[in-house]
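So the structure is just underneath, and the comments pick up after that.
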Number of protein chains: 2
Amino acid sequence: MQTKFETISGKFVPNPEALADDALELVAARFKALSEPTRLRLLAALKGGERNVTELVEFTGTSQANISRQLLVLTQAGILGRRKSGLHTFYFVADKAIYDLCELVCGSVQDRLARQNRAFGK
Amino acid sequence: MQTKFETISGKFVPNPEALADDALELVAARFKALSEPTRLRLLAALKGGERNVTELVEFTGTSQANISRQLLVLTQAGILGRRKSGLHTFYFVADKAIYDLCELVCGSVQDRLARQNRAFGK
DNA sequence: ACCTTATATAACTATATAGTCATACAGTTG
DNA sequence: CAACTGTATGACTATATAGTTATATAAGGT
């Protein structure tokens with residue numbers, strides 16, 4: 001699959017500089033890591049600082065196995081970091097920009113709901 | 001699945017106000033819409049203004065059927081809008097905040113690559 | 001009316017992954 | 001070391017969905 005850009009002539013040609021397919025894949029992967037409610041719940045739980053797995057399990061209400069797997073996903077995506085201490089593993093947010101992202105999306109979602117409500121005369 | 005928050009006592013309790021599960025679902029859905037390279041390519045193509053389906057097919061290099069489907073996904077997510085004119089359907093970005101999101105993520109991705117390179121002494 | 005072009009959609013395949021259960025592994029305590 | 005606790009992981013199921021092929025629909029041109 002080849003990304004192309006339009007020239008002045010109006011024809012599409014291979015894009016020489018921006019948005020290499022690799023970059024798109026990375027950006028898509030980052031969004032994908034944020035595309036599950038359970039993982040967003042984990043990020044919400046970690047907003048106040050690091051937590052161990054047991055605390056996160058209690059917070060989210062799903063199984064420990066599942067939480068460990070979702071924490072792995074977020075860690076491999078570079079969003080979380082971890083620190084081991086004895087029996088415990090503490091997870092923390094390594095990429096604070098995540099919260100800016102979430103707030104932007106919250107704004108978009110609210111705008112959209114507002115638009116829909118207006119459209120229904122509410 | 002129940003979202004809970006910590007109190008001063010240190011115990012998790014049902015969260016009375018923020019981050020209703022519905023909201024999390026909506027935010028997750030928005031991220032999910034952005035989690036595919038093909039859809040990001042479409043957004044890149046639409047940055048300069050509206051385009052019809054044929055142009056977008058040429059730009060992305062995948063099948064027309066697939067493009068129509070991905071455009072539908074983005075439209076239903078509230079990210080794109082559409083306008084029909086004769087034989088053509090023009091798609092355009094309805095939620096400009098999308099580009100802020102993408103730039104934030106690009107920054108995060110670059111930071112992360114930089115960190116990795118440093119870790120490898122590069 | 002017929003042909004062509006632009007777009008949408010149905011049916012299908014292949015793949016990815018969230019969640020579960022059971023189990024392994026690693027550190028801690030007695 | 002034996003028993004326990006906290007975390008990770010393998011195997012599995014169920015579901016979602018990207019992409020394909022073929023076809024339908026709809027608007028224009030002749």
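Letters A, B, ... are given to chains in the order of the sequence lines, protein chains preceding strands, and every chain is numbered from 1.
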Any side-chain heavy-atom pair of A:Arg51 and A:Thr89 under 4.5 Å:
no
Applying side-chain contact (heavy atoms from CB on, under 4.5 Å), name anything that partners A:Gln70, two or more places apart in sequence or on another chain.
A:Thr38, A:Arg39, A:Leu42, A:Asn66, A:Val73
Holding to side-chain contact (heavy atoms from CB on, under 4.5 Å), I want the full list of residues that pass it with A:Ala94, two or more places apart in sequence or in another chain.
none
In whole angstrom, what separates A:Glu55's CD from D:dT5's P?
17 Å
Using nucleotides 11-18 of chain C, report all nitrogen or oxygen pairs with the protein that are shorter than 3.5 Å.
| residue | atom | partner | partner atom | Å |
| --- | --- | --- | --- | --- |
| C:dA18 | OP1 | A:Arg39 | NH1 | 3.3 |
| C:dA18 | OP1 | A:Arg39 | NH2 | 3.2 |
| C:dA18 | OP2 | A:Arg39 | NH1 | 3.2 |
| C:dA18 | N7 | A:Arg69 | NH2 | 3.3 |

Please walk me through it: do B:Glu50 and B:Arg83 pass side-chain contact (heavy atoms from CB on, under 4.5 Å)?
CA-CA 9 Å; B:Glu50 66 175 17; B:Arg83 172 178 76 81; 2.4 Å; yes
Do the side chain of A:Gln64 and the base of D:dA8 come within less than 3.5 angstrom through a donor-acceptor pair of N or O atoms?
yes
Sequence neighbours left out, what pairs pass side-chain hydrogen bond (donor to acceptor under 3.5 Å, both in side chains) with at least one residue falling in residues 97-112 of chain B?
A:Asp95-B:Ser108
Would you mind reading off the distance between B:Leu80 atom CG and C:dT7 atom P, rounded to a whole angstrom?
15 Å
Residues A:Asn52 and A:Phe90: closest non-hydrogen pair is N-CD2, 3.7 Å
Between atom CG in A:Leu56 and atom P in D:dA8, what is the gap in whole Å?
10 Å
Look at A:Ser63 and C:dT20 and indicate whether a side-chain polar atom (N or O) is within less than 4.0 Å of OP1 or OP2.
yes
Just how far, in rounded Å, is P of D:dT21 from CD1 of B:Ile67?
14 Å
To the nearest 0.5 Å, what is the distance between CG on A:Leu43 and CG on A:Leu34?
6.5 Å
Sorted by chain and residue number, the side-chain contact (heavy atoms from CB on, under 4.5 Å) partners of A:Val57 (sequence neighbours excluded) come out as A:Val53, A:Gln64, A:Ile67
Nearest-angstrom distance from the residue atom CG of B:Leu40 to C1' of D:dA18
14 Å
Distance below 4.0 Å between A:Thr54 side-chain N/O and D:dG6 OP1 or OP2:
no
For DNA chain D, find the residues of residues 83-92 of chain B with a heavy-atom distance under 4.0 Å and give them by number; none if there aren't any.
B:Gly86, B:Leu87
Can you check the A:Gln76 CD to D:dA8 P distance for me, whole Å?
12 Å
Would you say that A:Arg41 contacts B:Asp21 through its side chain, given a criterion of any heavy-atom pair below 4.5 Å between the two side chains?
yes
Separation of B:Glu58 atom CD from C:dT5 atom P, in whole Å?
16 Å
Kindly say if A:Arg82 contacts the phosphate of D:dT7, meaning a side-chain N or O under 4.0 Å from OP1 or OP2.
no
